[in-house]
**Student:** 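Dropping a structure here in C-alpha cells format, bear with me for questions.
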Amino acid sequence: MYMQSTTAQAGRRTEFVGTFIKASGATRTMRFVTSPEKLRGGGLITVFDVEKRSLRKFNLATLVGRLSAVTTDGQLSFCA
C-alpha cells in the first residue's frame, strides 16, 4: 500500500518554468518540479530546481508573467 501511494504521488508532480523577482530585486527564471497543489497556495513555496538539482524557494507572490508546464516531449504549455 505504501508503494502505491508513493507512485501515485510521484505521478502528480509536474515540471514548470517560471520567472519571479527575488528578495534582492533581481529576476530569476527557474525550471522546477512540484505538485500542482502547491501552486494553488501562493506565496513562497519549496520546489526542486531541475538545473541546480537541489531544493529552492520559488516566490509565487512576485511571479513575472505566467508559469509554463513542460510536457514529456519538452514542449511548453502555459498554465492558467
Side-chain angles (χ1 to χ4, degrees):
M1 181 151 151
Y2 178 76
M3 183 78 100
Q4 290 175 344
S5 64
T6 302
T7 304
Q9 203 173 38
R12 284 194 305 248
R13 292 191 181 119
T14 304
E15 191 170 308
F16 297 95
V17 176
T19 301
F20 68 100
I21 300 172
K22 299 182 349 177
S24 66
T27 58
R28 165 114 152 77
T29 299
M30 186 187 308
R31 186 172 182 149
F32 62 93
V33 177
T34 192
S35 63
E37 291 83 24
K38 279 189 172 184
L39 298 176
R40 292 187 193 113
L44 197 61
I45 61 171
T46 302
V47 299
F48 182 78
D49 185 324
V50 175
E51 293 166 349
K52 297 200 184 264
R53 303 179 70 61
S54 64
L55 293 176
R56 299 282 192 230
K57 297 288 186 178
F58 190 97
N59 194 346
L60 291 169
T62 61
L63 180 66
V64 176
R66 296 190 290 176
L67 289 175
S68 299
V70 181
T71 61
T72 54
D73 61 1
Q75 296 293 321
L76 292 177
S77 64
F78 292 107
C79 300

**Student:** Taking transitive links into account, so neighbours of neighbours count too, which hydrophobic residues share a cluster with Ile21 at under 4.5 Å side-chain distance?
**Tutor:**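 Val64, which link up through side-chain heavy atoms under 4.5 Å apart, make up the rest of the cluster.
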**Student:** Determine whether Phe16 and Val47 satisfy the following criterion, side-chain contact (heavy atoms from CB on, under 4.5 Å), listing intermediate values before the conclusion.
**Tutor:** CA-CA 10 Å; Phe16 297 95; Val47 299; over 6 Å; no
**Student:** To the nearest 0.5 angstrom, please state how far the CG atom of Asp49 sits from the CZ atom of Phe32.
**Tutor:**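 Asp49 atom CG to Phe32 atom CZ measures 9.5 Å (nearest 0.5 Å).
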**Student:** Working to the nearest 0.5 Å, report the span between CG of Leu67 and CE of Met30.
**Tutor:**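 Output value for this atom pair is 11.0 Å.
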**Student:** Just how far is it from atom NZ of Lys38 to atom CG of Leu60, taken to the nearest 0.5 Å?
**Tutor:**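 Those atoms lie 10.5 Å apart.
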**Student:** Taking atom OG1 of Thr46 and atom CG of Leu44, what is their separation to the nearest 0.5 Å?
**Tutor:**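 Interatomic distance, Thr46 OG1 to Leu44 CG, rounded to 0.5 Å: 7.0 Å.
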**Student:** In chain order, what residues pass the salt bridge (Lys or Arg N to Asp or Glu O under 4.0 Å) check against Arg56, with sequence neighbours excluded?
**Tutor:**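 Per chain and number, Arg56 pairs via salt bridge (Lys or Arg N to Asp or Glu O under 4.0 Å) with no residue.
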**Student:** Sequence neighbours left out, what pairs pass side-chain hydrogen bond (donor to acceptor under 3.5 Å, both in side chains) with at least one residue falling in residues 16-25?
**Tutor:**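 Non-adjacent pairs meeting side-chain hydrogen bond (donor to acceptor under 3.5 Å, both in side chains): Thr19-Thr29.
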